[in-house]
Amino acid sequence: MNTRKRRRKGLTPRSEDFSAWYNEVVQEAELADYSPVRGSMVIRPWGYGIWENMQRALDDMFKASGHQNAYFPLLIPMSFIEREKEHIEGFKPELAVVTHAGGKELEEPYVVRPTSETIIYSMYAKWVQSYRDLPVLLNQWANVMRWELRTRLFLRTAEFLWQEGHTAHATEAEAEQEARLILGIYRTFMEDWMAMPPLTGLKSRSETFAGADRSYACEALMQDGKALQAGTSHMLGQNFARQFGLTFQSEEGREEYAWNTSWGVSTRLVGGLVMTHGDDVGVVVPPRLAPTQVIVTPIARSDEQAAVVMEKADGIVQALQRRGVRADVDRRRHLSPGAKFFEWERKGVPLRIEIGPRDVERGEVVVVPRVAGVSGARKEAVPEGDAVGGIGDRLEALQAQLLEAARDHREGMTFRGEVTSVEELGDLLDGGAGFVYSGWSGDPGVEERAKDATKATIRVIPGEEFRSATPPSRCIGGGEARMEVVWARAY
RNA sequence: CGGGGCGUGGCGCAGCUCGGUAGCGCGCCUGCUUUGGGAGCAGGAGGUCGCCGGUUCGAAUCCGGCCGCCCCGACCA
């Protein structure tokens, strides 16, 4: 009934309906919009700008660790995707298939790539003969399609953008090292750039990528207490190498199958960013990923004032840009200052500089950080020179604050201790827990039973740095624990 | 794929029960006045009422079919 009012004046509060809040904020902040194509979205400039900054940061890290980019075809022969048995079992339900082209039915249908292991390793088989040709360390930035039944902007769409790294190695140890190296890169990226601290570790068998021996993952906790799988790195063993004849002659002259890894993160990260930092005012974008880090909003009555103020604003933006800050002026004359404030807060620009006649007179500007909580909080009048010089520090401080807040939130919603029954797990989750640590015997039956009863899954068998000081001794399904695991309900 | 909801100017909706050819808010355009937290007034543009068929003198409205989208549950980055 007050939908109209709400649509203009604000979002559904997160506490009322997190899912509704998410849908609204993504559209209201102009990150993305629904498209005419079922389950497919349009990523708008603000959302795409965030993704571009993510891409740049990740791409630099991949390159720094010896990887190169390449590009493989969108269409994959059906027979390729069918070759690895578990792989096809995993993807079959969500394949889009091209059966006609050039006005004729094709002899062999193509699938629109849901992931590119098969076509990429078929090419590696052609390129690799000797151990001297290894390792192959390639990445591609691409779109993929998985025909999902239920979709949500950024989190799950039929088509999405991602990077997929595919490597081939001479030894198992080397491939294993690669898979872990990438997991570490993902974790660093999520912490340092997204201010989203994930748990990392190994996936249980049932959650392992179709066709992989082992999957590693980054699992981030969203504000509503649900986990988001934010990145995966797979040790594929020799499964694909065997199917595609990816062999090499070793130093000793033997013919051997190569060892592969594959790893990816997607535009889903943008959704994770929103659900990690957003508030009831709108999105909050960490400074390092913000397409615009500082928005200068001029305030003026008369045209004469506007000319003076605008000149000042331009000067400030130029000074900031010279310092490498992504700054911009909102020059629109038909919007009131207040309207502009709300708009940029909704979009999550980290810092706003207000500048009006009063400020020009005093040689000051007003600096306003986009902090979680109240709109327009913490306005501060700062001498113009100090403002320009201090922006870098302010942005870094905001970046650090966001990471700290996210980490506090994660820890605040994490339960560690002995959980000795599936019922107890359910109670903890219903009571507001996000991540629940427990012991596990390793029995898939226990995992399945817990999932049916609580809707939670084992998100990760945590890596060393995330394990409890005192490991749980009892399995959640009864009996003795053989390892520690982390449960959560997940996106 | 099961359950629910919705398709009416760009957006959000009313009108449908009880048939008579479409209305409101926001947005948009023009002008004037405004601008330190979502501006005001005046004038204006904009609609094959999702699609197909039926009933009727006449259908947004009644009937049948189809399509699409969104939300909730089983699979997935």
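What you see is a predicted model, and the numbers here were worked out from it, not measured in a lab. Each chain gets a letter, A, B and so on, in the order its sequence line appears, and its residues count up from 1.
Taking atom C1' on both nucleotides, B:A45 is separated from B:G10 by 13 Å, rounded to a whole Å. Taking atom C1' on both nucleotides, B:G2 is separated from B:G9 by 36 Å, rounded to a whole Å. Atom P of B:G53 sits at a distance of 23 Å from the matching atom of B:G47, rounded to the whole Å.
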Practice prompt. Please lay out, stage by stage, how A:Glu364 and A:Arg358 fare under the test salt bridge (Lys or Arg N to Asp or Glu O under 4.0 Å).
Written response: CA-CA 8 Å; A:Glu364 290 179 346; A:Arg358 200 174 65 204; over 6 Å; no
Worksheet item: Does the ring-ring contact (aromatic ring centres under 6.0 Å, His included) test come out yes or no for A:Tyr216 and A:His234, once each step is laid out?
Response: CA-CA 6 Å; A:Tyr216 296 95; A:His234 312 291; 9.1 Å; no
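Counting only heavy atoms from C-beta on, A:Val368 has its side chain closest to B:G37 among B:G36, B:A39, B:G37. For A:Arg346, whose side chain is taken as the heavy atoms from C-beta onward, the closest listed nucleotide among B:G38, B:U35, B:C71 is B:G38. Here B:U35 is the nucleotide among B:G38, B:C70, B:U35 with the atom lying nearest to any side-chain atom of A:Arg301. Comparing atom distances between the A:Val366 side chain and each of B:G36, B:G37, B:A39 picks out B:G36 as nearest.
Summarising the local packing, CD of A:Glu52 is surrounded by more than 12 heavy atoms from other residues, nucleotides or ligands at distances under 6.0 Å. For A:Tyr110, the OH atom is loosely surrounded, since the number of other residues' heavy atoms within 6.0 Å does not exceed 12. Open room surrounds NZ on A:Lys312; 12 or fewer heavy atoms of other groups in view lie less than 6.0 Å from it.
Stacking of A:Phe341 onto the six-membered ring of B:G37 is not present when judged by under 5.5 angstrom between centres and under 30° between planes.
A:Leu335 places its CG atom 13 Å from the P atom of B:G40, with the value rounded to the nearest Å. As a whole-Å value, the separation of A:Phe18 CZ from B:C71 C1' is 17 Å. Distance, A:Arg333 CZ to B:U35 P: 10 Å, rounded to whole Å. The CG-P distance, from A:Leu153 to B:C69, rounds to 14 Å in whole Å. One atom, CG of A:Asp33, and another, C1' of B:C70, lie 13 Å apart when rounded to the nearest Å. Remark: C1' of B:C26 and NE2 of A:His334 are 14 Å apart, rounded to the nearest angstrom.
You won't find any donor-acceptor pair under 3.5 Å spanning the side chain of A:Glu345 and the base of B:G38, going by distance alone. For A:Lys340 and B:G36, a side-chain-to-base donor-acceptor distance below 3.5 Å is absent, hydrogens and geometry of angles not being considered. Under 3.5 Å, the side chain of A:Arg352 and the base of B:G37 form at least one donor-acceptor pair of N or O atoms.
When each of A:Ser302 and A:Glu343 is assigned the nucleotide of RNA chain B bearing its nearest heavy atom, the one mapping closer to the 5' terminus is A:Ser302.
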Discussion item. I'd like to compare against my own output: the B/S/- annotation of nucleotides 72-77 of chain B with a strict under-4.0 Å heavy-atom distance to protein.
Written reply: SBBSBB
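Every residue was checked against the ring-ring contact (aromatic ring centres under 6.0 Å, His included) condition with A:Trp440, not counting sequence neighbours, and none meets it.
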Using a cutoff of under 3.5 Å, can you pull out all pairs of nitrogen or oxygen atoms linking the protein to nucleotides 6-9 of chain B, with atom names and distances?
none

If you restrict it to nitrogen or oxygen atoms, what contacts under 3.5 Å exist between nucleotides 42-46 of chain B and the protein, and what is each distance?
none

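Under the 6.0 Å cut-off for aromatic ring centres, A:Phe62 and A:Trp263 qualify, their centroids lying closer than that.
Side-chain nitrogen and oxygen atoms of A:Asn23 include at least one within less than 4.0 Å of the OP1 or OP2 phosphate oxygen of B:C71.
The side-chain tip of A:Arg352 does not point at the ring of A:Trp344 from less than 6.0 angstrom away and within 45° of straight on.
Counting only residues at least two apart or in different chains, side chain to side chain donor-acceptor pair (under 3.5 Å) contacts with residues 84-97 of chain A are absent.
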Show me the donor-acceptor pairs within less than 3.5 Å that the side chains of residues 181-189 of chain A make with the rest of the protein, sequence neighbours left out.
from: A:Tyr186; atom 1: OH; to: A:Gln163; atom 2: OE1; distance (Å): 2.6
from: A:Tyr186; atom 1: OH; to: A:Gly264; atom 2: N; distance (Å): 3.0
from: A:Arg187; atom 1: NE; to: A:Glu191; atom 2: OE2; distance (Å): 3.0
from: A:Arg187; atom 1: NH1; to: A:Glu465; atom 2: OE2; distance (Å): 3.0
from: A:Thr188; atom 1: OG1; to: A:Gly184; atom 2: O; distance (Å): 2.9

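Between A:Arg378 and A:Val371 the shortest side-chain heavy-atom distance falls below 4.5 Å.
For the pair A:Asp224 and A:Arg14, the salt-bridge criterion is not met [side-chain N within less than 4.0 Å of a carboxylate O]. Looking at A:Asp59 and A:Lys63, a side-chain N of the basic residue comes within less than 4.0 Å of a carboxylate O on the acidic one, giving a salt bridge.
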